[in-house]
Amino acid sequence: MKKETIKQVKAVYKIESECVAEMEKYFDEESFSKAVDLLKNAERIGTCGCGHSGIICQHFAHLLCCIEQPARFISPAEAVHGATGFLQKGDVMVFASRGGKTKELLPILDICKKKGVKVITVTENFESPLAIGADVVLKQYVNRETDKYNSQGTTSTTALCVIFHTLQTALIEETGFLNEQFAVIHPGGAVGERLNKKGL
C-alpha cells in the first residue's frame, strides 16, 4: 500500500477514539434518565433511521430484544405503508438522524404524534424538526468522519452505537434484567453454550 494509505488508515483509530472520549462531555443526565424511563415503561419500542443510522437502529432493536424489551426496526419505507400500526399509545419510537432533518422520517414523526407514541430523537441538531418534535432529545456528537473527505458514515455510526449501548446498559440496571434470562433466549452459539453451563 501507499504510505499515504497507511497514514489515513492509522488516523482512523485516533479520530474515532477521540470522538468517543469527547462524547461524555455532552452527556445530559436529565435527558438520558427521561429516555431510559420511557424505554423501560414502553410495551413496544420502534427504532427508525435511514442509511447508516438505520443500520445502527436495527442493531439497537436487537439489543433491546436481548434484554426482553420488545422492539423492532421499522423501515422508513414501510412505516408510511402501515408498519407504524405496530406502535400504540404510550409506546416509544426512537429516531436517529445526525442532522435531524431526514425527510423520510418527518411523516413518521407526525404519525407518532397522532397516535400518542412517545418520541426519542438522537441527533446533533437540537433545532431540527426531529428534535423539536421529540419528547426527549439525546445529543450525538461527531468530531469528523474517518475518510479524507469527511463524508462517509463512519465515526457518526460509532457515536450512535455508543449512545445505544449506554441506553441498553442503563436498562439492564433499571429493569433488573438477569443473565439467567439471557441464557433462556440465547441458547445458540458459543455465547449460548457459555451462558447455559451449570453454575451460571
Side-chain angles (χ1 to χ4, degrees), residues 16-17 19-49 52-76 78-79 83-97 108 112 115-123 134-141 155-200:
E16 296 216 13
S17 62
C19 178
V20 173
E22 286 288 310
M23 285 178 65
E24 190 176 356
K25 294 179 182 179
Y26 297 91
F27 180 81
D28 182 330
E29 186 174 338
E30 183 178 353
S31 295
F32 185 82
S33 296
K34 287 179 181 177
V36 171
D37 283 341
L38 287 177
L39 293 169
K40 179 177 68 173
N41 294 313
E43 284 192 37
R44 290 160 294 268
I45 300 164
T47 67
C48 194
H52 288 98
S53 294
I55 292 167
I56 305 306
C57 282
Q58 292 178 55
H59 169 60
F60 185 43
H62 182 70
L63 281 177
L64 290 169
C65 288
C66 284
I67 57 170
E68 299 190 331
Q69 297 291 126
R72 63 166 284 191
F73 171 73
I74 300 178
S75 155
E78 301 301 330
T84 41
F86 168 74
L87 296 170
Q88 304 300 315
K89 185 175 181 178
D91 290 343
V92 175
M93 173 69 95
V94 180
F95 288 112
S97 170
I108 307 167
C112 290
K115 294 193 68 175
V117 173
K118 298 295 183 180
V119 172
I120 298 169
T121 294
V122 183
T123 184
D135 296 282
V136 181
V137 185
L138 299 178
K139 174 73 172 179
Q140 181 182 9
Y141 166 77
T155 311
S156 53
T157 59
T158 300
L160 184 58
C161 258
V162 170
I163 292 168
F164 286 156
H165 294 172
T166 61
L167 288 170
Q168 195 220 29
T169 297
L171 286 166
I172 288 172
E173 296 298 323
E174 294 295 307
T175 63
F177 182 80
L178 299 173
N179 221 23
E180 287 83 356
Q181 294 171 255
F182 193 37
V184 172
I185 62 173
H186 197 314
V191 172
E193 289 181 14
R194 176 174 61 82
L195 289 170
N196 287 284
K197 283 181 179 177
K198 288 185 178 180
L200 173 66

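Numbers here simply count residues along the sequence, with the first being 1.
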Might you point out which heavy atoms bring [X] and [Y] nearest each other, and give the distance in Å?
X	Y	answer
Pro76	Ile108	CA-CD1, 3.8 Å
Cys112	Phe95	SG-CZ, 4.4 Å
Lys34	Val136	CB-CG2, 3.7 Å
Ala183	Asn196	O-ND2, 3.2 Å
Val117	Asp91	CG1-O, 3.4 Å
Ala96	Ser53	O-CB, 3.6 Å

Going by heavy atoms in the side chains, are [X] and [Y] under 4.5 Å from each other?
X	Y	result
Leu39	Val94	yes
Lys139	Asp28	no
His52	Leu160	no
Glu16	Thr155	yes

Mind checking the [atom1]-[atom2] spacing from [X] to [Y]? Nearest 0.5 Å is all I need.
X	Y	atom1	atom2	result
Glu22	Tyr141	CD	OH	5.0 Å
Leu178	Ile172	CG	CD1	10.5 Å
Ile74	Phe86	CD1	CZ	6.0 Å
Phe73	Ile55	CZ	CD1	8.5 Å

- State which residue, out of Ile120, Leu171, Thr175, fulfils the side chain to side chain contact (heavy atoms under 4.5 Å, CB included) condition with Val36.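 The single option meeting the side chain to side chain contact (heavy atoms under 4.5 Å, CB included) with Val36 is Leu171.
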- Task: Please say which of Glu43, Gln69, Lys118 ends up in a side chain to side chain contact (heavy atoms under 4.5 Å, CB included) with Val92.
- Result: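 So the option named by the test is Lys118.
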- Could you verify whether a donor N or O on one side chain and an acceptor N or O on the other, from Gln181 and Glu68, lie under 3.5 Å apart?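 Note: Gln181 and Glu68 side chains meet the donor-acceptor criterion.
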- Would you confirm whether Thr121, through its side chain, and Val137, through its main-chain N or O, come within 3.5 Å as a donor-acceptor pair?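 No, the answer is negative, given that no donor and acceptor are paired below the 3.5 Å cut-off.
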- Answer yes or no: is there a donor N or O on one side and an acceptor on the other, between the side chain of Gln168 and the main chain of Leu63, under 3.5 Å?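 Such a contact is found between Gln168 side chain and Leu63 backbone.
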- May I ask you to check whether over 12 heavy atoms, not counting those of His165, lie within 6.0 Å of atom NE2?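 Check passes, neighbour count above 12.
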- Item | Residues forming a side-chain contact (heavy atoms from CB on, under 4.5 Å) with Val184, sequence neighbours excluded |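 Testing Val184 for side-chain contact (heavy atoms from CB on, under 4.5 Å), a comparison that skips the adjacent residues, returns none.
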- Partners meeting side-chain contact (heavy atoms from CB on, under 4.5 Å) with His186 (sequence neighbours left out):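 Scan of His186 (side-chain contact (heavy atoms from CB on, under 4.5 Å), adjacent residues dropped) gives Phe182, Val191, Leu195.
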